[in-house]
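What follows is one structure encoded as C-alpha cells, with my remarks underneath.
Basis for what follows: all heavy atoms, side chains included, without hydrogens, waters or symmetry-related copies.
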Amino acid sequence: MGTVLYFTDRGYKGGWFAANANTEGSMSLTTTAVVEAGKEVVLTLTPGFYAATVDGSSIGTPAAVSPRLSMGNTGDQFFIFQKGGGEPDGVGAVMIAGLHWNTVQSGSFVLITSSADWDNLNMVGHPSSTLSTTNSNIPPGLVAGESAFFIGAHYTGSSYINYESANFNGAGKPYANAAAIRSAVMNVANWTRVPSGNGTAVTVPTGHFTTVLPVTLHSFSAKFNAGSLKLDWRTLSESNCDRFVVETSNDGRSWTALATVKSKATDGNSATALDYSLAIPIAGTALAGFGIFGLLLLPAVRKRWMKVGLMIFAVCIVAACAKQEVNGEGLEKLDGAKAQVYVRLAQIDKDGKVNYSETVLAKN
C-alpha cells in the first residue's frame, strides 16, 4: 500500500523521446490496497479510462503525469519505472521492466529490430534511425531477456510486420517462484500473437501466476562478517515445510549445498513470521575451533583420507557451534578469500519438492 509506480510509452535513443501531447506521455499508479505476492494486477489504459485491479477490485487509480500515454498497434513500447518525478529521464528514475513491439527492416528480408537492443537505432547505415513515437532502443537499467522483452516480428513471406496484439499463455504453469515466472514470460514461444491487420481482439487471460507456495519468504540476506558467512531470512508463512538448504556458488551456475536448517514451524506449518539466522565460519579465513595449527597442517597433508578426516573434524566443530548440519564438501569449496559468493536458499517440502529463493550476492 502506498507504492508508487510510473509507466511511459516514450522511446529511448541516448535520451528519451520528447512527450507528444497526442500520443506519448507518462502516468502514475499509487496503490491504495495491499497486493499479495503471486497476485496479478490488471492495468487498463484506454482513452479516457484508466484502471488497476486485482481479482476485480481496485488497488488504486492511475493518473496522467505528462500529456497522454496511448498505445499504438503499428509499433510502440511500454516501460515501468519508479522515482524520477514520474519521468523516465527524471533525477533518480529507476527502470523496472520494458515491453516492445515494432518492426524495422532493411529491404524486405533483413530484420533490424531484435531482442538484443530492440530497434538498434545506433547501428551504422540504419534505414530509419530517427527516434519517433514507435521505435526505441533498450534504455539503461534494463537487460534484454531479463527485464526487457521484444514480442517479435511476423514474416509474411515477402516482408516483416508487427504483431498488433499478444497475450502470455501461461505455458508450463504453475511457477515455483519469481525466477521461474520471469523465465517463462521472457520466452516468446509462450506468447499467443496476432499479426498486424488481423483485427482479432486478444483477451489477456488471468490466473497464470496465482499459486500458493509452501513458504512465503519475506526477506533473505547474506554477507561476510568477521570470517563467517552470515545469513538471515524471514518467512511470513510456512506450509508443509521440512527444511532449508543454504547453497553457494562461485560463478552463479554451479551450486553446492553448504548447510541445512530445519524448519522452525510446528509440523512444518506456521501462519506467523519466523526468523532464521546462521553464521558459518568459512575456509580461507579460520574454521571455528580448528585453530591456526589445523590451518597450517591441512595444506601439508598429502594423503586425501587424512585431509578428509581433518575436514570432518572441523565440520563437526562448526556444526556443534551453529547447531545446524554443515556439508564438509561445500565448506571446503567455499573460498573465503574470494571477493564475493552467490548464495540462495532451497526450501524443501516434507514430500521432497524443492523451491528456490532469489539469488543474493555476499561480498567481503
Can you tell me how far apart OG (S129) and CG (N137) are? Round to the nearest 0.5 Å. 10.0 Å
Between F78 and F7, ring centroids under 6.0 Å: yes
If you compare all heavy atoms of S128 against all heavy atoms of V104, which two are closest, and at what distance to 0.1 Å? OG-CG1, 3.7 Å
Please indicate whether K223 has more than 12 foreign heavy atoms, meaning atoms of other residues, nucleotides or ligands, lying under 6.0 Å from its NZ. no
Taking the six-membered ring of Y276 as reference, does the NZ or CZ atom of K264 fall below 6.0 Å from its centre and within a 45° cone about the axis? yes
Any side-chain donor near an acceptor of the partner, T130 and K13, under 3.5 Å: no
With respect to R10, which candidate in T133, D89, L69, T23 satisfies the side chain to side chain contact (heavy atoms under 4.5 Å, CB included) definition? D89
Taking the six-membered ring for Trp, are the ring centroids of W118 and F149 within less than 6.0 Å of each other? no
Do D119 and T113 have a side chain donor and acceptor closer than 3.5 Å? yes
Cation-pi between R344 and Y356: NZ/CZ under 6.0 Å from ring centre and within 45° of the ring axis? yes
Least distance between heavy atoms, F81 atom then A93 atom: CD1-CB, 4.4 Å
Check the side chains of E238 and N240 for a donor-acceptor pair under 3.5 angstrom, ignoring hydrogens and angles. no
Checking side-chain polar atoms at under 3.5 Å, does T134 have a donor or acceptor matched by the opposite partner on D76? no
Do you see a donor-acceptor pair shorter than 3.5 Å between the side chains of Q105 and S159? no
Does one side chain, of T256 or T248, offer a donor that lies under 3.5 Å from an acceptor on the other? no
